[in-house]
Amino acid sequence: MKYSKQRKIECQRSLFESIFFVAAGSFVILLLYFGCDKAISPEKEFSGEPQEQQAEESRENVGGSSYGKEIEEAVSILESEEQEQLQEAAISAAEGCADLYKDIKVLDTTFYQLGQRTKEQRRETVSRIGGLGFVSVSKGINMENYEEVEIFYSRYSDGEDAQVTIYDIYGDGRFGCRTFLYRAGKLQVYYVEITWQEGGVPVLSHTSVWDLDEIRLTEKGYFIYTNTIKISHGNLREYYRIKPLAEDCRELTEKYISGLSYIDYNLLTTDWNSSNVEEVIMDTMFGDIYHMHTGEYLKVYGGRVDAAIFEEIMTMYFPVTAEQLHHCCGYDADSNTYECDLFSARPYAPFGEVVDYTENEDGTLTLFVDGVWPDYNSDYAFTNQVVIQPYEDGTFCYLSNVIERKEMEIPVIK
């Protein structure tokens with residue numbers, strides 16, 4: 001009995017030791033695995049554009065979506081040599097702009113987080129790359145050499161093999177180089193991203209491949225493509241504006257229309273003027289109007305806003321009185337505050353762009369606005385006529401809106 005008991009103790013000790021060494025060995029293996037993964041493939045940790053910035057940039061183009069670890073990559077239809085040629089071409093294009101990036105600010109050397117570039121800096125880069133013969137674009141800036149995309153789409157429509165590369169200059173100066181491919185009946189994107197080191201030295205940060213279900217080039221000039229699998233921080237449908245938009249229309253869009261929503265309130269989805277303005281004044285719009293006025297994002301505590309700032313801004317931008325606001329915006333006399341619900345921008349929302357305008361004799365502007373809804377394959381979902389009264393100090397007042405259905409049903413705001 002004594003011998004058996006001692007053997008049992010020794011067996012238990014041996015078993016516990018075995019379990020300990022197996023666990024320790026597994027832990028070491030995991031450390032080695034993840035350590036090697038980071039050492040071999042640093043691009044998997046490159047996060048791309050900040051998510052909130054991507055959402056904003058996607059209103060103009062696909063922005064800086066990250067195409068990394070969240071999805072399983074497709075098998076490229078390009079040969080290895082072809083992929084290397086595209087990478088080399090991207091580096092070469094970036095080297096042609098190196099003098100424009102000598103002042104680039106690298107905020108984080110590990111993941112190459114860069115400081116933001118001004119619109120004029122991005123415009124200069126787009127122009128330089130276009131001058132080198134490449135298709136180039138950036139948020140709020142017309143595409144250079146867009147005819148190459150039209151040629152690509154024409155060949156695709158005829159069933160011919162074709163490809164075109166679009167150099168997209170992101171807000172922080174990185175290059176997102178998308179090569180759209182149609183080969184043997186298959187649609188695909190081969191993506192090369194170029195980032196920067198101090199002094200204006202371009203480096204390849206990562207590459208990726210994904211399949212497309214379809215592409216469409218609209219008559220108005222939107223190139224809309226549908227991803228087979230939703231891309232990280234992206235939508236199933238993404239887009240570029242190919243044909244140029246008049247610079248004055250871009251400026252009017254940015255000043256008067258870009259900050260407004262078609263789905264969070266009914267300012268753009270209802271016919272109105274000064275006689276029925278109370279029907280469209282909603283507390284949910286105040287955050288957007290506040291941002292237009294101040295350039296800052298509204299912070300709300302307890303779901304309410306002080307009446308003084310609410311009334312000052314709303315009576316400035318709409319033909320409405322403080323008394324009217326009391327009736328339609330959840331005013332509380334005891335606290336002298338207004339109700340204020342902040343809606344974050346929902347995905348798949350349409351956006352408006354000014355395509356024409358009229359300067360009226362009374363000093364007002366009539367903006368002709370097209371509702372663009374790429375997620376429903378439409379760049380002409382509906383049209384608006386928005387009348388604006390601009391003031392000398394740079395502020396303005398929305399006077400009326402008329403909306404007409406075109407390709408899509410007008411959103412109903414509940």
Side-chain angles (χ1 to χ4, degrees), residues 59-60 119 140 142 220 241 244-296 298 309-329 338 349-373 379-406 408 410-411 413:
R59 297 171 76 100
E60 173 63 25
K119 186 174 182 178
N142 285 332
K220 202 169 79 175
R241 195 184 215 287
L245 181 64
E247 195 61 34
D248 51 357
C249 287
R250 283 192 179 276
E251 292 174 358
L252 291 170
T253 299
E254 185 174 344
K255 183 170 184 178
Y256 299 119
I257 301 298
S258 289
L260 302 178
S261 171
Y262 277 94
I263 60 176
D264 290 334
Y265 39 84
N266 59 8
L267 177 67
L268 293 177
T269 60
T270 300
D271 292 353
W272 66 272
N273 54 39
S274 59
S275 66
N276 67 332
V277 64
E278 289 186 61
E279 296 178 11
V280 299
I281 297 296
M282 305 170 67
D283 60 278
T284 51
M285 71 170 63
F286 182 69
D288 289 342
I289 305 302
Y290 178 89
H291 182 256
M292 280 185 169
H293 182 68
T294 66
E296 300 176 357
L298 179 66
I309 185 66
F310 191 95
E311 292 173 2
E312 177 188 355
I313 291 178
M314 294 298 277
T315 56
M316 179 186 302
Y317 285 91
F318 298 97
V320 65
T321 65
E323 289 73 20
Q324 288 174 300
L325 293 176
H326 287 178
H327 294 136
C328 61
C329 291
Y338 284 89
F351 62 90
E353 66 175 7
V354 177
V355 295
D356 201 359
Y357 65 97
T358 299
E359 296 179 345
N360 304 314
E361 292 183 358
D362 61 358
T364 62
L365 288 174
T366 299
L367 308 179
F368 299 92
V369 180
D370 284 355
V372 182
W373 210 335
D379 64 2
Y380 194 47
F382 19 78
T383 63
N384 293 76
Q385 291 185 38
V386 182
V387 179
I388 305 288
Q389 175 65 70
Y391 300 120
E392 292 183 359
D393 62 0
T395 61
F396 56 90
C397 182
Y398 293 103
L399 298 181
S400 66
N401 173 71
V402 175
I403 187 169
E404 182 181 353
R405 172 187 172 182
K406 292 300 181 181
M408 301 286 298
I410 297 171
I413 312 303

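At distances below 3.5 Å, not a single donor-acceptor pair connects side-chain atoms of Thr358 with backbone N or O atoms of Thr366. Distance alone, capped at 3.5 Å, places no donor-acceptor pair between the Asp370 side chain and the Asp379 backbone. Thr284 contributes a side-chain N or O that, together with a main-chain N or O of Asp264, makes up a donor-acceptor pair within less than 3.5 Å. One N or O on the side chain of Thr294 and one on the backbone of Tyr290 form a donor-acceptor pair closer than 3.5 Å. For Thr270 (side chain) and Trp272 (main-chain N/O), no donor-acceptor pair under 3.5 Å exists by modelled atom type.
Atom NE2 of His291 is surrounded by more than 12 heavy atoms from other residues, nucleotides or ligands within 6.0 Å.
Legend: residues meeting ring pair (Phe, Tyr, Trp, His ring centres under 6.0 Å) with Tyr398, ordered by chain and number and at least two apart, are Phe318, Phe396. In this view, Phe310 and Phe286, Tyr338 satisfy the ring pair (Phe, Tyr, Trp, His ring centres under 6.0 Å) rule, not counting sequence neighbours. For the salt bridge (charged side-chain N to carboxylate O under 4.0 Å, His left out) test, residues two or more places apart in sequence or in another chain that qualify with Lys406 are Glu404. Ser274 is linked by a side-chain hydrogen bond (donor to acceptor under 3.5 Å, both in side chains) to nothing, counting only residues two or more places apart in sequence or in another chain. Take Asp356 and apply the side-chain hydrogen bond (donor to acceptor under 3.5 Å, both in side chains) test, not counting sequence neighbours, and it matches no residue.
To the nearest 0.5 Å, atoms OH (Tyr265) and CE (Met285) are separated by 6.5 Å. Distance check, rounded to the nearest 0.5 Å: SG of Cys329 to CD of Glu311 gives 9.5 Å. Atom OG of Ser258 and atom CZ of Phe351 lie 9.0 Å apart (nearest 0.5 Å). Remark: His293 NE2 to Thr395 OG1 distance equals 7.5 Å, nearest 0.5 Å.
Looking at Pro350 and Val372, their side chains never come closer than 4.5 Å, going by heavy atoms from C-beta outward. Met292 is listed as a side-chain neighbour of Leu260, based on a closest heavy-atom distance under 4.5 Å. Val355 has its side chain out of reach of Cys249: every pair of non-hydrogen atoms, C-beta onward, lies at least 4.5 Å apart. Residues Leu399 and Ile388 have side chains not in contact (no heavy-atom distance under 4.5 Å, counting atoms from C-beta outward). When side chains are defined from C-beta on, Glu359 does not count as touching Thr364, because their heavy atoms never get closer than 4.5 Å. In this structure, the side chains of Tyr357 and Asp248 come closer than 4.5 Å at one or more pairs of heavy atoms. In this structure the side chain of Ile281 reaches within 4.5 angstrom of the side chain of Leu325, judged on heavy atoms.
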Step-by-step side-chain contact (heavy atoms from CB on, under 4.5 Å) determination, Ile257 to Val354: CA-CA 8 Å; Ile257 301 298; Val354 177; 3.9 Å; yes
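The minimum heavy-atom distance between Thr321 and Thr315, with the atom names listed, is C-CG2, 4.1 Å. Between Gly352 and Val369 the shortest heavy-atom distance is CA-CG1, 3.8 Å. Scanning both residues, Ile403 and Asp271, for their nearest heavy atoms gives N-OD1, 2.9 Å. Contact between Arg405 and Ile410 at its shortest, heavy atoms only, is N-CD1, 3.9 Å. Nearest heavy-atom pair, Tyr262 versus Pro411, reported as atom, atom and distance to 0.1 Å: O-CB, 3.7 Å. Closest of all the heavy-atom pairs between Cys397 and Met316 is CB-O, 3.6 Å.
Each salt bridge (charged side-chain N to carboxylate O under 4.0 Å, His left out) pair with one or both residues in residues 274-285, not counting sequence neighbours, would appear here, but there are none.
The existence of a salt bridge linking Glu353 and Arg250 is excluded, since no basic side-chain nitrogen approaches an acidic carboxylate oxygen closer than 4.0 Å.
Tested against Asn401 for a side-chain hydrogen bond (donor to acceptor under 3.5 Å, both in side chains), the candidates Asn266, Asn384, Asn273 yield a single pass: Asn384.
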